[in-house]
2 protein chains.
Amino acid sequence: MRKRATAKEVAEAAGVSKWTVIRAFTPGASIADASRQKVLQAAEALNYSPNLLARSLATNITHQVAVFVDDFTNPHKLPVLEMLTERLQAEGLLTVLININRHFDHVHALINADQRQFDAVILFGTAFREETLGDRRLGRGLPPMFVLARDSQIPGVPAIACDTEVALNEIVEYLFDKGYRRPGFMTGARTLSTALGRRRHFANCWRQKGIDGVMELTAERYSAQAGAEAARAYLSDSPPGSRIDVLMCENDILALGAMDVVRSEFGLRVPHDLAVVGFDNIELGGGPAYGLTSYEQPTEKMIDAIVGMITGERASETIAFPGSMIRRLSA
Amino acid sequence: MRKRATAKEVAEAAGVSKWTVIRAFTPGASIADASRQKVLQAAEALNYSPNLLARSLATNITHQVAVFVDDFTNPHKLPVLEMLTERLQAEGLLTVLININRHFDHVHALINADQRQFDAVILFGTAFREETLGDRRLGRGLPPMFVLARDSQIPGVPAIACDTEVALNEIVEYLFDKGYRRPGFMTGARTLSTALGRRRHFANCWRQKGIDGVMELTAERYSAQAGAEAARAYLSDSPPGSRIDVLMCENDILALGAMDVVRSEFGLRVPHDLAVVGFDNIELGGGPAYGLTSYEQPTEKMIDAIVGMITGERASETIAFPGSMIRRLSA
DNA sequence: TTGTAGGCGTTATCAC
DNA sequence: GTGATAACGCCTACAA
């Protein structure tokens, strides 16, 4: 059976009151050195350490942050999670990773996060409509929320993301300079607004170059396989002469799947017959097997910002940072 | 300010005692239907839901499981995390993802997990020596621990993993049948026992085939880049005639990095000049760009087992499940 | 510097 | 079926 020593027990062993024990474990509390030593010694002997659960109940601070994730197929999530957990831990915050799926939806997760008194909720690459919240109002009951690596659909919920407008401008500028004139854009279908927003913006950039009409490819999910299927469907339907000459994909994992099909199944050369561009700059896209031209999100800045907002060192507001274009051989 | 309604407030609003409110939210409690309705109505109005923090303090059950991870470079971690969180959530358990690194080591994390009263700790792909525990004894104070996807170094801590003995036998059998005779094995250096154990077992299998001596390559970490460096170092030092003819890597990500170097920098054909085998069967290894022969861990069984042990539906004991060989073109 | 009351929001258990 | 008392282990405030 699990049985932890309590402050009371330590107090008895040390011959002081339990409040003195508490003080010994409270940085900056006024306590005599002699008492502190006695307490620490007794605590050591009893293997005592404060019960953070009880502390949280009393202080209303859990030092836990929920991170909602609904897409585990993009390898890019992993390094971001690594950095995020590290920074949060450096601030004394632990990360509760919550898998949003069919059986456990946003509302469910949010109610849970509320009941557990998490200090904050991060929507990492996921979002929901304002209506989803129903009657529950932000600011009362619900923990502060933030959207990471995506735009926010919910008024009052700040989004910390890469500046996609700047990114797409830079990408299109680059592609135009390279001489590409028949662009296509592949989205992962799942979400409406974000993906469609990006696609629309991509199209706008081309329009400013005098090029109207961006071919639209739609993958079923965000995975290499889905990217492959979408590329296959497109190439099967389009005769060689009428095809796009550059395909921008919403993220790298789609791009790699598409590239597989382009090269292996249709024998096309990348970038000569069809150029491919991704987004995220995942490690495997950078190797010689793909040499994928991509765009790197300013992950570090984004995480610094969101952690600062959670700790209160920084004002909570929507903000977008510029990333950097990664030029390789695929486009 | 966050302010949640309490059972007491609901009680006043509903004109009952707070214990009746609690009963209304306790499945299977004896309460009159009329009272329950009154309570639920009042709760609805006040937006009340039970405070799980207080409940945990009183019951000594947090419904939270800590998952320790110290390597975020292997993309294979992501789908496993997805399945693990989903299964845990299905059992009403949330996952606290803890990043073990220089600034936050196992001991630190374990003390924290203890203080927060987590129901269990999963060491996912990571482990430490028994000595690390110091004086703290298992079974008293510390939450129950499990090692996932790796062997356990700690007596009393069960490991749930893929049966590497069976796996390596099958792999070597396959390679031998294919005609390979000069094997090499690449480990990620970091950990001693597990990696070295695998390498030793790999060597044993070959010895049974009458082949002594397995070339040993050592990567600095588990990443494509580290795998590439290790392969580069080896190939640079070994003249063509004396080289191994098959390279088994401890995981896919090392294998992909190695394959990049083998093909692009040294112009060798895979598998003709040098065959490559990985472990984990990550999505990107399966595409035409690599066609990596690999070995798939029985993730689902492993997770079912560990979740069963945590919930107590299953006896806690070390167990290894056989996986399945994935034959592709790289070997 | 130290001790005391009272409270945080539940649950367990017993009396009515 | 319902109410009440005593925990759970800590923290904040105030008093000594």
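So that the names make sense, note that chain A is the first sequence line, chain B the second, and so on, each numbered from 1.
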Taking only Lys NZ, Arg NE, NH1 and NH2, and the carboxylate oxygens of Asp or Glu, determine whether B:Glu300 and B:Arg87 approach each other closer than 4.0 Å. yes

Close side-chain approach of B:Pro143 and B:Asp114, heavy atoms under 4.5 Å: yes

Closest approach of B:Thr62 to A:Arg116 (non-hydrogen atoms, all atoms of both residues): O-NH1, 2.9 Å

How far apart are the closest heavy atoms of B:Ala5 and B:Leu46, and which atoms are they? CB-O, 3.6 Å

Round to a whole Å and report the spacing from [atom1] of [X] to [atom2] of [N].
{"X": "A:Asp33", "N": "C:dT2", "atom1": "CG", "atom2": "C1'", "value": "15 Å"}
{"X": "B:Asn60", "N": "D:dA7", "atom1": "CG", "atom2": "P", "value": "16 Å"}
{"X": "B:Leu57", "N": "D:dC10", "atom1": "CG", "atom2": "P", "value": "9 Å"}
{"X": "A:Phe25", "N": "D:dG9", "atom1": "CZ", "atom2": "C1'", "value": "14 Å"}
{"X": "B:Glu9", "N": "C:dG7", "atom1": "CD", "atom2": "C1'", "value": "14 Å"}
{"X": "B:Gln115", "N": "D:dC10", "atom1": "CD", "atom2": "C1'", "value": "13 Å"}

Have a look at the helix from C:dT1-D:dA16 to C:dC16-D:dG1 and give the angle its two end axes make, five pairs each, rounded to 10 degrees. 40°

Give B:Ser35 one of three labels, base, sugar-phosphate or nothing, depending on what nucleic acid heavy atoms sit under 4.0 Å from its own. sugar-phosphate

Assess the residue pair A:Asn99 and B:Glu82 against the criterion (side chain to side chain donor-acceptor pair (under 3.5 Å)); give the C-alpha distance rounded to whole Å, side-chain angles, the decisive distance to 0.1 Å, and a yes or no. CA-CA 7 Å; A:Asn99 184 341; B:Glu82 174 178 27; 4.7 Å; no

Going through the checks in order, is the side chain to side chain contact (heavy atoms under 4.5 Å, CB included) test met by B:Leu94 and A:Ile98? CA-CA 7 Å; B:Leu94 287 191; A:Ile98 296 185; 4.1 Å; yes

Where does the angle between the aromatic ring planes of A:Tyr48 and A:Phe25 fall among parallel (under 30°), tilted (30 to 60°) and perpendicular (over 60°)? perpendicular

For every nucleotide of nucleotides 10-16 of chain C, 5' to 3': is a protein heavy atom under 4.0 Å from its base (B), only from its sugar-phosphate (S), or from neither (-)? BBB----

Flag if over 12 foreign heavy atoms under 6.0 Å of CD, B:Gln41: no

